[in-house]
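Each remark here refers to the structure printed beneath this line.
Hydrogens, waters and symmetry mates are skipped; everything else that's a heavy atom, side chains included, is used.
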2 protein chains.
Amino acid sequence: MRSGAVAHWGLIGANVTKPTIDDVAALAGVARTTVSRVLNNQPNVRPLVRERVLGAVETLGYRVNVQARNLAGRKVVRIALIHASDFDTEPNSYFSSALELGATRAGAGLGVQIITHVINQNDPAASDEIVARLRDDQCNGVILTPPFSDYPPLLREIDALGVAMVCIAGGAEAENFALSLGIDDFRAGEEIGAHLTGLGHRHFGFIKGLQGHASAETRYDGFLAALAKAGLGPDAVSTRRGNFTFRSGLECGQALLADRLRVDALVCANDDMAAGALLAAHKSGLSIPQDIAITGFDDTPVSEIVWPPLTTIHQPLKRMGARAVEYLADRLSAGMRDQTGREIIEHHLVVRDSTFVPTPAAK
Amino acid sequence: MRSGAVAHWGLIGANVTKPTIDDVAALAGVARTTVSRVLNNQPNVRPLVRERVLGAVETLGYRVNVQARNLAGRKVVRIALIHASDFDTEPNSYFSSALELGATRAGAGLGVQIITHVINQNDPAASDEIVARLRDDQCNGVILTPPFSDYPPLLREIDALGVAMVCIAGGAEAENFALSLGIDDFRAGEEIGAHLTGLGHRHFGFIKGLQGHASAETRYDGFLAALAKAGLGPDAVSTRRGNFTFRSGLECGQALLADRLRVDALVCANDDMAAGALLAAHKSGLSIPQDIAITGFDDTPVSEIVWPPLTTIHQPLKRMGARAVEYLADRLSAGMRDQTGREIIEHHLVVRDSTFVPTPAAK
DNA sequence: TCGATAATTGGAAGCGCTTCCAATTTATGC
DNA sequence: GCATAAATTGGAAGCGCTTCCAATTATCGA
């Protein structure tokens, strides 16, 4: 029985009264306060009484009203989620969307309000804009994504405002002001490097993303470290900087392939650019992965709708978004916003056909 | 000045008291009730008083607390958003994500709780599952997406439960039980047909989606209507049925191209399949759009990260999600759920290089 | 000009919950 | 066995807002 409810309310619809905490209290024969204690896992309730309350909850199909809970608990939490846009486009749109979905789903359960803002990262007044939004919306928490999560002046300013902060994939400074949430970028870069050197690749083209994305730089460092372990120096890789879009991946890919035809693997800072690089390779008449291997990053849906599907690093973006919200809700209802530091989320390498085909298929 | 607030609160953070309705009332020298009236655009407030209240709101930087508002107004709205999954995958993931983002953003502003559920559409007990979730979560509204939005027995069952309903891209029956929200599918199909026949195409391959997606069928009818206007009969098009995934698009594309090489345009029911069809064409050594034109549907990010970029129909999915929530919130707070019918959202044809290149580029 | 009606305003209750504090019960030490 | 501390319960206030209803003021026709 999927339906755990023992009771039902005839019409669940519009104006049907749902059971309240008082109904539960009455049925369990205790005071409302006691029910509240049980519901919030607070101590000082006899096991027997706790059982009785839980039973009543079950019988009535009671669900706490988060709105009332937050109101009574004086914990109105409003969180701003700040995305970056590059000019008028929405680069890395899956990245943003997945984070936001994770955040809002968690927010719904906690009764936390989440307001999304897209800020142009090229606008010199971007920081002011963000601060203004935070102020206008009276947010008490904020989630920053790259490149904002790695812009120390902004972090300092927000910190001074007294707004609790989570930085997604931020830079080194982030953890001084906020919870810095992200994968182990160095290790992720290393894994890609190890995977490729392990397959025998020796000459690399690396398509970086926009400057100022600290975590992306760290991945590059990790990548180089893996090469070093395989006895390869930095001269084994030529780099190019894109802006995370398909088009820039195409252009950088073409440039890298034209520059030095001996490149046998293209490593890209995200999946969209990898898709572009893939096209560049196809256009050059190269077959993948036989002539050239290509890797992406993020494991967005893109990685499965190109040919061949992309080897990439899976980042649990939804989970990260959810975690950010839970952390902030927690911190803010506890009244404090002082806990800072770094929290690592597990990633993993997803090997697909763009680097390795188990049974070498004849083209 | 982006920051409209005249006042600020020093620390916006954790435990700083935000102005309440009583603060506004005090400053404006009126009763709380009057402020409420102004805030809710209710009649019977003298223009002068209204001004005074609005001024106080501005001065204090007051923002209504939606949690309290909903609590006091006895309008606890919880909406379930039901997505379909095909086996364990998340097909059409952008479609779902965009709807959800639109819905949750609107929900945040209205203080409406949105709970997302992903239900396996192949499960024979899918309907029961949905009803159980609605019951367990005590939802008073639900948003159904294809193919659920076109499954009359489910619609009837939910209707009987007394849960208000919005069907996205539903079938003909939907509007009898719910607000049926979607684009004008027939016209969209027609536009694609007209675009292609206008470009001189005469032999079509049509890659349909999964059965049971009514709106997709309607698009097909519209497409045929356009062909008819161009003097072409149904024999001008051969069809194939995919399941909305890239892979199925690839397979269907290959089949259509192998079947009858005289096909000069491939029309696909969504962008993912069009991306697959694109690959099929590339593999056959065809150049696009010179040898064969390809169209998608939805205008998801995919359409811009393939080569050439896809001509497709833009559906304002986020707007649709938002509209669904606004409608339900409205209906439910008004206490009634009786308004049903159909609401058309504007779409438009986005012409990209997969069908037409303005200045014929030399390959 | 005056009573009657309509337009404004304010007072107070209460939405469902948490939390402070006082009351009660139980456990503990000598 | 009894005073005292500790654990457990309940009462009541109040979070920020809407809304019912009564009180007040303005408007109008004869």
Side-chain angles (χ1 to χ4, degrees), chain A residues 15-53 56-57 60-78 110-111 113 138 140 329 332-335, chain B residues 14-26 28-53 56-57 60-78 110-111 113 138 140 329 332-335:
Chain A
N15 31 18
V16 178
T17 55
K18 300 170 179 173
T20 74
I21 193 173
D22 285 327
D23 297 327
V24 175
L27 182 57
V30 298
R32 186 201 299 184
T33 315
T34 302
V35 178
S36 177
R37 285 201 188 86
V38 173
L39 259 28
N40 294 288
N41 290 314
Q42 287 171 9
N44 297 335
V45 178
R46 270 165 35 221
L48 189 134
V49 174
R50 187 177 296 270
E51 280 314 309
R52 201 140 40 89
V53 170
V57 166
L60 294 171
Y62 169 78
R63 291 292 214 97
V64 62
N65 177 332
V66 274
Q67 319 233 26
R69 195 213 279 280
N70 287 339
L71 182 59
R74 283 128 251 234
K75 41 188 79 154
V76 181
V77 176
R78 194 178 301 157
L110 295 164
Q113 196 177 2
Q138 296 173 22
N140 29 28
L332 290 169
S333 12
Chain B
N15 30 20
V16 178
T17 55
K18 300 170 180 174
T20 73
I21 194 172
D22 286 326
D23 298 327
V24 175
V30 297
R32 185 200 300 183
T33 315
T34 302
V35 177
S36 177
R37 285 201 188 87
V38 172
L39 259 28
N40 293 290
N41 290 314
Q42 286 171 11
N44 297 335
V45 179
R46 271 168 32 222
L48 189 132
V49 175
R50 187 176 296 269
E51 279 314 309
R52 201 138 43 89
V53 170
V57 167
L60 294 171
Y62 169 78
R63 290 294 213 94
V64 62
N65 178 331
V66 274
Q67 320 233 26
R69 194 212 279 279
N70 286 341
L71 183 58
R74 282 131 250 235
K75 41 187 79 155
V76 182
V77 176
R78 194 177 302 156
L110 295 164
Q113 196 176 1
Q138 296 172 21
N140 29 28
L332 290 169
S333 8

Query raised in the report: If we only count heavy atoms from C-beta on, is the A/K18 to A/R63 side-chain gap below 4.5 Å?
Result: no
Query - Side chain proximity check, A/V38 to A/V30, heavy atoms < 4.5 angstrom - result: no
Please tabulate, one pair per line, each protein N/O and nucleotide N/O from nucleotides 13-15 of chain D that are separated by under 3.5 Å, including the distance.
residue : atom : partner : partner atom : Å
D/dC15  : O2   : A/L71   : O            : 3.4
D/dC15  : O2   : A/A72   : N            : 3.1

Rounded distance in Å - [atom1] ([X]) to [atom2] ([N]):
X	N	atom1	atom2	value
A/R46	D/dA6	CZ	C1'	15 Å
B/N44	C/dT5	CG	P	18 Å
B/R37	C/dT9	CZ	P	8 Å
B/D22	C/dG10	CG	P	13 Å

Tell me whether the OP1 or OP2 atom of [N] has a side-chain N or O from [X] closer than 4.0 Å.
X	N	answer
A/N65	C/dG16	no
B/T34	C/dT9	no
A/N70	C/dT18	no
B/T33	C/dG10	no

Query raised in the report: Among D/dT19, D/dG11, C/dG10, which nucleotide sits nearest the side chain of B/K75?
Result: D/dT19
**Report entry** Upstream residue (5' side of DNA chain C) when A/I21 and B/V45 are each assigned their closest nucleotide
**Finding:** B/V45
Query raised in the report: Do side-chain atoms of B/R74 reach the backbone of B/A72 as a donor and acceptor pair under 3.5 angstrom?
Result: yes
